[in-house]
Amino acid sequence: MIKIGRIHVCLELREIFLDNEPLRLGTRAFDILEMLIRAKGGLVRKEDILRCVWPNTIVEENNLQVHISSLRKMLGDDKDLIRTTPGRGYRLVLPRDATQAATGPAQPAVTSGMTAGTTAGVAVCLADMMRAQPIGLPLFHGPLIGRETAVEEVLAALQRSPLVTLVGAGGIGKTQLGIEVARLQSLNSAAAVCFVALGSNDGPAHVVRAVANALRIEMFGTEPSLGDVTAAVAGRELLLVLDNCEHVINEAATLCEHLVRANKGVRILATSREPVRTACEQLYWVPPLEMPVEGDGFEAIAQRGAVQMFIARARAFDPHFTYDSDSIAQIATVCRRLDGVPLALELAAARAATLGISELVSELEDRFRVLTGGLRSAPLRQQTLKATLDWSYRFLSREERMVLRRVSVCDGHFPLEVACRIVGSDDLSEGEVTEAIAGLASKSLLMFDSQGPRKLYYLLESTRVYAMQDLDDPDERANVGARHEEYGVPWTFSGDVNGATHFTQ
Ligand SMILES: Nc1ncnc2c1ncn2[C@@H]1O[C@H](COP(=O)(O)OP(=O)(O)OP(=O)(O)O)[C@@H](O)[C@H]1O
Ligand SMILES: [Mg+2]
């Protein structure tokens, strides 16, 4: 909607409202108004209006004056916003606070980093039209495998909380889950749905602009501010999906907090490798796909989500891809070694389809060399297994990198105190280790299981292999290895990531 004084204009629907009541305006008067609006305050020449509004017809200039008069009449007290430049044409001049005046006081700023107040210009928002069609939601995506429970849980979380964040390791399937939840919401709820992909390399400033673009909010002459976005969605029912927030996390947090505080009808579903960390955020840690466990027979293995996904992807490459009792056991091994992470399974399935499953199993020793053939349409961070870890790694602090490479010697679950003993050193205090462990866990590089009040940490195998490659200093490797021998070995883990955790000391 464009707000001019007390009236609201929707150019796309060609409707005008005064205090929420529709106004009647003739077609030609509306065309003239539209030309004035689109000129963004610039002069619109009389001859251009006459040519566009009365094409192929020669009309007297007083026809134009009649329509300008009816527009001024409609604007009432704001009639002077249409200015005449004698002998030349007309301009629609909007006061600097036009948007603010029409939408009430600006919302308070929440955190620093972005301007929160509304700015000069005119906001155009097609949110009303969005009800018919979700905006930006990828229409085609393959079937979502093994996420029935997750979908239900996320939908339920959205009922309770205005901001739900799908958190988890790279390639674990946050975006796909988010898309499915948004798709179901668009079918089953009256709220408009808008999907905004933030996963490009554009900087933080791009967050508000990306949301404004997706919501089709246009500020004539100025960059849309956070306040403009807030004002444009005021009073609307909207589910906003913010996909891949991790690299613009501070700006995403500011936006989320501001939007949900100011608008009751707004729900946000964020996906990120780390929590957005704002008030009223509900985290949903996306788990790996279900993996085969010890003792599973042929049927049971074939039913596990990770196996189904692997087979589905292998068949997408080779429709004749089949399995028997031997190869299904090998597929189970691949799924476990790739931690049930869909992206890794997808890359592995492509390899298996061309080389065979046995070859793939032996190649997994060198997983970063072989798991490289991502979809050409996928973002760069998902083209190879290494790229997806590189994307997470670049957000780590120096201390987090040190701790990650040192804990890579731990093949299994370990509590915090064991980590402190193994990785602590003269250049890394116990406090720094604790901070780094917490940071790594929140950035989905360290996984954890809860054992009552205590946490047990572990690394996905791909993360462990990746981090170990960074442990290339012989002295550091020897020191950490020795401490692991001394303190780490008693902590052995048996169990599975999906089920109960058992550990012994
Ligand atoms: N449940 C699933 N069923 C089928 N394919 C899936 C599933 N989950 C993810 N995938 C596939 O795995 C790949 C990675 O998924 P997705 O992009 O959702 O991961 P992500 O967690 O969002 O990763 P990133 O952290 O890089 O954003 C995609 O190609 C997607 O098609
Ligand atoms: Mg994603």
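When a ligand or atom number is given, it counts from 1 through the structure's own listing order.
Salt bridge annotation for Glu281-Arg277: absent, with no cationic side-chain nitrogen under 4.0 angstrom from a carboxylate oxygen. Contact check on Arg304 versus Asp296 returns a salt bridge, with a Lys/Arg side-chain nitrogen under 4.0 Å from an Asp/Glu carboxylate oxygen.
Ranked by closest heavy atom to atom 9 (C) of ligand 1, the top entry among Pro342, Ala344, Gly146 is Pro342.
With a heavy-atom cut-off of 4.0 Å, Ala312 does not touch ligand 1 at all.
Between Ala436 and Glu399 the shortest heavy-atom distance is CB-O, 4.0 Å. Considering all non-hydrogen atoms of both residues, Asp427 and Arg398 come closest at O-NH2, 4.4 Å.
Ring planes of Trp391 and His247: tilted class, angle from 30 to 60°. Note on ring orientation: taking the six-membered ring where Trp is involved, the planes of Trp285 and Phe448 are perpendicular (angle over 60°, cut-offs 30° and 60°).
Under the 4.0 angstrom criterion for non-hydrogen atoms, Asn244 is in contact with ligand 1.
Atom numbering of ligand 1 starts at 1 in the shown order; those under 4.0 Å from a heavy atom of Leu144 are 1 (N), 2 (C), 3 (N). Proximity to Pro143 (heavy-atom distance under 4.0 Å) selects the following atoms of ligand 1: 3 (N), 4 (C).
At least one donor-acceptor pair under 3.5 Å links the side chain of Arg406 to the backbone N or O of Val423. When atom types are taken as modelled, the side chain of Ser444 and the backbone of Glu274 share no donor-acceptor pair closer than 3.5 angstrom.
Around the Mg ion (ligand 2), the protein N, O or S atoms found under 2.8 Å comprise Thr175 OG1, Asn244 OD1.
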